There are 2 protein chains.
Amino acid sequence: MRKGEATRSTILDEASRLASQVGLGGLTIGSLATQTELSKSGLFAHFGSKESLQLEVIEHTSERFTAAVIRPALKEPRGEPRMRKLFELWLEWGSVEFGCPFISAAFELDDQPGPLRDRMVRNQRDWVDTISMIFSGGVTEGHFRADADPIQFAFDIEGVMLAFTIASRLLGDPAAAARATGSFERLLAAAAA
Amino acid sequence: MRKGEATRSTILDEASRLASQVGLGGLTIGSLATQTELSKSGLFAHFGSKESLQLEVIEHTSERFTAAVIRPALKEPRGEPRMRKLFELWLEWGSVEFGCPFISAAFELDDQPGPLRDRMVRNQRDWVDTISMIFSGGVTEGHFRADADPIQFAFDIEGVMLAFTIASRLLGDPAAAARATGSFERLLAAAAA
DNA sequence: TCCGTTTTAGCACGACCGTTCGTTACGGCG
DNA sequence: CGCCGTAACGAACGGTCGTGCTAAAACGGA
């Protein structure tokens, strides 16, 4: 029982890493089994189907994201400091070895109906909510203009992160992080009260 | 000879459409053959390998993009009008039935070395160049501030387009285009001389 | 109309896909 | 010690993948 949970988690970690490279659809039970040094059938038994494996990968990664980005940011004082921390951690999250698994998944699934897409939509909605609520907190604190649109702000910094990913991962631009931070600062300044 | 070129083009059109949905890696010769009403081997004979098929899909789509977005924009007067037109056409290009095949490909390939990735990098570099050169034209015309960074501008509107894609295709936000246009206008205003 | 050159189909291949099944090794509890 | 549920394995399944090979069909210029 305990043992099972552990291997399961190992599998999902590896799967998340693999999915960042080849996409959720590119995930293969065979290759995943090889990488985790399990037999195909042994690994398969943990999930019952490929789709639930993929679903659990999303779930698992989502929890890691919450733990690495959202939760620590919420420990910062409300308003601008919290928003800054959120962006900083997000940038770090997107800078690790294989990048953010959600980004590729989002673009991969946006035209493929099904439970996977549904889950990603929910994820993305939650994420936009998180950003805009943190922004609203900043309005309450008097850091940001009351007439600013929190959802538009979320839209804009989402764009910055996506552009960062392209610049950094595809183009290999060493200035990518600096560009992203610059854009973020300009957005903050434009929203400042 | 004539006939071959025609079917080839038909195949590539369909492949481009398919790749927008399932990604370049999700492309399958079998399904592509079914959709184009050709035999697997008949279709295969046109390309010789899956990888060159994928490469030609990128090439083909790139030409369509140039014809639909870049070339018409270049007919506008230099500077701000040209930049506006570029963004407007880009937004249209990304709004068609199955979205921009490049965006999913960019995120799909960013961690998979090989000729496909190389081709996408070149594409992306060219695109950033195009945007920043049009921006520079605007500086020359006196529309944009001389101290503005054209590459940073390209970075920013790239981000806007990517955020638009997520909002529109994944979240189904009907306000996505309006948000994108708003962000673009703000970027223009910030760069205005 | 005929001939040479594309262009397409048919068939087969080995590899790998996701999945199922029966069986074996392991670990905690009586 | 033996028991039993969990965990992992190996072999095999039907199916599809990308890719060759060969022959038929369709085309286009003479």
Side-chain angles (χ1 to χ4, degrees), chain A residues 1-19 21-60 105 108-109 112-117 119, chain B residues 1-60 104-105 108-109 112-117 119:
Chain A
M1 160 98 141
R2 265 273 84 58
K3 180 83 183 307
E5 298 256 339
T7 38
R8 227 181 136 81
S9 189
T10 306
I11 295 171
L12 289 174
D13 277 340
E14 180 60 31
S16 172
R17 218 178 54 84
L18 235 167
Q21 296 183 81
V22 296
L24 267 181
L27 258 189
T28 268
I29 295 188
S31 62
L32 190 52
T34 306
Q35 221 109 26
T36 54
E37 292 179 325
L38 282 171
S39 67
K40 253 192 353 170
S41 52
L43 187 148
F44 184 83
H46 282 276
F47 306 98
S49 80
K50 181 175 181 183
E51 192 173 64
S52 37
L53 164 64
Q54 293 168 312
L55 228 31
E56 292 209 39
V57 171
I58 299 180
E59 192 70 40
H60 184 75
E108 181 184 348
L109 295 170
Q112 296 179 251
L116 294 180
R117 196 196 115 106
R119 190 59 178 74
Chain B
M1 161 101 138
R2 263 279 124 273
K3 179 83 181 309
E5 298 256 340
T7 37
R8 228 181 135 82
S9 189
T10 306
I11 294 170
L12 289 174
D13 278 339
E14 181 59 31
S16 172
R17 218 177 54 82
L18 235 167
S20 309
Q21 295 182 81
V22 297
L24 267 181
L27 257 189
T28 271
I29 296 188
S31 62
L32 191 52
T34 306
Q35 221 109 26
T36 54
E37 293 179 323
L38 280 171
S39 68
K40 246 185 17 163
S41 54
L43 187 149
F44 183 82
H46 282 276
F47 306 98
S49 81
K50 182 175 181 181
E51 193 174 63
S52 33
L53 164 65
Q54 293 168 313
L55 266 169
E56 293 209 39
V57 171
I58 299 180
E59 192 70 40
H60 184 76
S104 45
E108 181 185 347
L109 296 171
Q112 296 179 250
L116 294 181
R117 197 195 115 106
R119 190 59 177 77

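What you see is a predicted model; the values in this text were computed from it and never measured. Just so we're on the same page: letters track the sequence lines, and every chain starts at 1.
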Rounded to whole angstrom units, what separation is found between the [atom1] atom of [X] and the [atom2] atom of [N]?
X       : N      : atom1 : atom2 : value
A/Leu53 : C/dC17 : CG    : P     : 13 Å
A/Glu37 : D/dC9  : CD    : C1'   : 15 Å
B/Leu38 : C/dT7  : CG    : P     : 12 Å
B/Arg8  : D/dC27 : CZ    : P     : 19 Å
A/Ile11 : D/dA7  : CD1   : P     : 11 Å

task = Sorted by first residue and then second, give each salt bridge (charged side-chain N to carboxylate O under 4.0 Å, His left out) pair with at least one member in residues 13-25 of chain B; sequence neighbours left out.
result = B/Glu14-B/Arg17

message = Looking at A/His46, is its backbone amide N or carbonyl O close enough to the side chain of A/Arg8 to form a donor-acceptor pair, meaning the two atoms are under 3.5 Å apart?
response = yes

task = Mind checking A/Leu43 for me? I need base, sugar-phosphate or nothing, with any heavy atom below 4.0 Å counting as a touch.
result = nothing

query = Are any of A/His46's side-chain N or O atoms less than 4.0 Å away from OP1 or OP2 of D/dA8?
reply = yes

Under the side-chain contact (heavy atoms from CB on, under 4.5 Å) test, residues paired with [X] that sit two or more places apart:
X        : answer
B/Arg117 : A/Leu170, B/Leu109, B/Val121
A/Ser49  : A/Glu51, A/Ser52
B/Ser31  : B/Leu18, B/Thr28

Are any protein N/O atoms closer than 3.5 Å to N/O atoms in nucleotides 18-25 of chain C? If there are, list each pair with its distance.
from	atom 1	to	atom 2	distance (Å)
C/dG18	OP1	A/Lys50	NZ	2.9
C/dG18	OP2	A/Ile29	N	3.1
C/dG18	N7	A/Lys40	NZ	3.1
C/dG18	O6	A/Lys40	NZ	3.4
C/dT19	OP2	A/Lys50	N	2.6

side-chain hydrogen bond (donor to acceptor under 3.5 Å, both in side chains) against B/Gln112, all qualifying residues, sequence neighbours excluded = none

